[in-house]
Asks: 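Questions regarding the structure given below will be posed in turn.
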Amino acid sequence: MTSARWRKSSFSSGSQNDCVEVSLRVEQTRVRDSKNAAGPVLAITPEAWGALIEHSVRR
(Lines give C-alpha, C1' and ligand atoms only; values in the text may rest on other atoms or scores of the structure.)
Protein backbone atom coordinates (compact mmCIF):
# COMPACT_ATOMS: atom_id res chain seq x y z
CA MET A 1 0.00 0.00 0.00
CA THR A 2 2.97 2.28 -0.03
CA SER A 3 2.34 3.14 -3.70
CA ALA A 4 -1.14 4.46 -2.93
CA ARG A 5 -1.71 8.22 -3.04
CA TRP A 6 -2.98 9.35 0.33
CA ARG A 7 -4.50 12.72 1.20
CA LYS A 8 -5.66 14.15 4.48
CA SER A 9 -9.41 14.09 4.77
CA SER A 10 -11.10 17.49 4.82
CA PHE A 11 -13.27 16.13 7.65
CA SER A 12 -10.28 15.78 9.98
CA SER A 13 -10.18 18.14 12.93
CA GLY A 14 -7.70 20.96 13.17
CA SER A 15 -5.76 19.25 15.91
CA GLN A 16 -2.99 16.83 15.05
CA ASN A 17 -4.65 14.09 17.10
CA ASP A 18 -7.72 13.47 14.93
CA CYS A 19 -6.47 13.03 11.38
CA VAL A 20 -7.39 10.43 8.83
CA GLU A 21 -6.01 9.96 5.34
CA VAL A 22 -7.92 8.67 2.35
CA SER A 23 -6.79 6.87 -0.78
CA LEU A 24 -9.45 6.80 -3.50
CA ARG A 25 -9.24 3.96 -6.01
CA VAL A 26 -11.64 2.59 -8.57
CA GLU A 27 -12.10 -0.73 -6.76
CA GLN A 28 -12.04 0.52 -3.16
CA THR A 29 -11.49 3.46 -0.87
CA ARG A 30 -8.89 3.11 1.86
CA VAL A 31 -8.84 5.01 5.13
CA ARG A 32 -6.02 5.09 7.69
CA ASP A 33 -4.84 6.99 10.74
CA SER A 34 -2.31 9.56 9.58
CA LYS A 35 -0.30 9.12 12.78
CA ASN A 36 0.17 5.41 11.98
CA ALA A 37 0.75 5.15 8.23
CA ALA A 38 2.12 1.61 8.56
CA GLY A 39 -0.84 0.50 10.69
CA PRO A 40 -4.18 -1.02 9.73
CA VAL A 41 -6.17 0.27 6.79
CA LEU A 42 -9.95 0.20 6.41
CA ALA A 43 -10.91 -0.73 2.84
CA ILE A 44 -14.50 -0.11 1.73
CA THR A 45 -16.37 -0.09 -1.56
CA PRO A 46 -16.82 3.16 -3.48
CA GLU A 47 -20.58 2.87 -2.83
CA ALA A 48 -20.04 2.64 0.93
CA TRP A 49 -17.64 5.60 0.82
CA GLY A 50 -20.19 7.65 -1.12
CA ALA A 51 -22.89 6.84 1.44
CA LEU A 52 -20.58 7.85 4.29
CA ILE A 53 -19.72 11.17 2.66
CA GLU A 54 -23.37 11.86 1.81
CA HIS A 55 -24.35 11.21 5.43
CA SER A 56 -21.52 13.45 6.70
CA VAL A 57 -22.53 16.33 4.43
CA ARG A 58 -26.15 16.16 5.59
CA ARG A 59 -25.13 16.65 9.22
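All values below come from the heavy atoms of this structure, side chains included, with hydrogens, waters and symmetry mates left out.
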Asks: Could you tell me the separation between the CZ atom of R5 and the CZ atom of R30, rounded to the nearest 0.5 Å?
Replies: 14.0 Å
Asks: Under the side-chain contact (heavy atoms from CB on, under 4.5 Å) rule, what do W6 and V20 come out as? Steps first, then yes or no, please.
Replies: CA-CA 10 Å; W6 294 92; V20 296; over 6 Å; no
Asks: Roughly how far, to the nearest 0.5 Å, is the CZ atom of R32 from the OG atom of S23?
Replies: 8.0 Å
Asks: How long is the span from the CD1 atom in I53 to the OG1 atom in T29, to the nearest 0.5 Å?
Replies: 8.5 Å
Asks: Would K8 and E21 satisfy salt bridge (charged side-chain N to carboxylate O under 4.0 Å, His left out), going step by step from the backbone distance to the final call?
Replies: CA-CA 4 Å; K8 184 177 175 183; E21 294 177 321; over 6 Å; no
Asks: Please name all residues satisfying side chain to side chain contact (heavy atoms under 4.5 Å, CB included) with A48, sequence neighbours left out, ordered by chain then number.
Replies: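 A48 satisfies side chain to side chain contact (heavy atoms under 4.5 Å, CB included) with I44, T45 once adjacent residues are dropped.
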Asks: Going by the rule side chain to side chain contact (heavy atoms under 4.5 Å, CB included), which residues pair with L52 if we only count those two or more places apart in sequence or in a different chain?
Replies: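 Side chain to side chain contact (heavy atoms under 4.5 Å, CB included) list for L52, sorted by chain: W49, S56.
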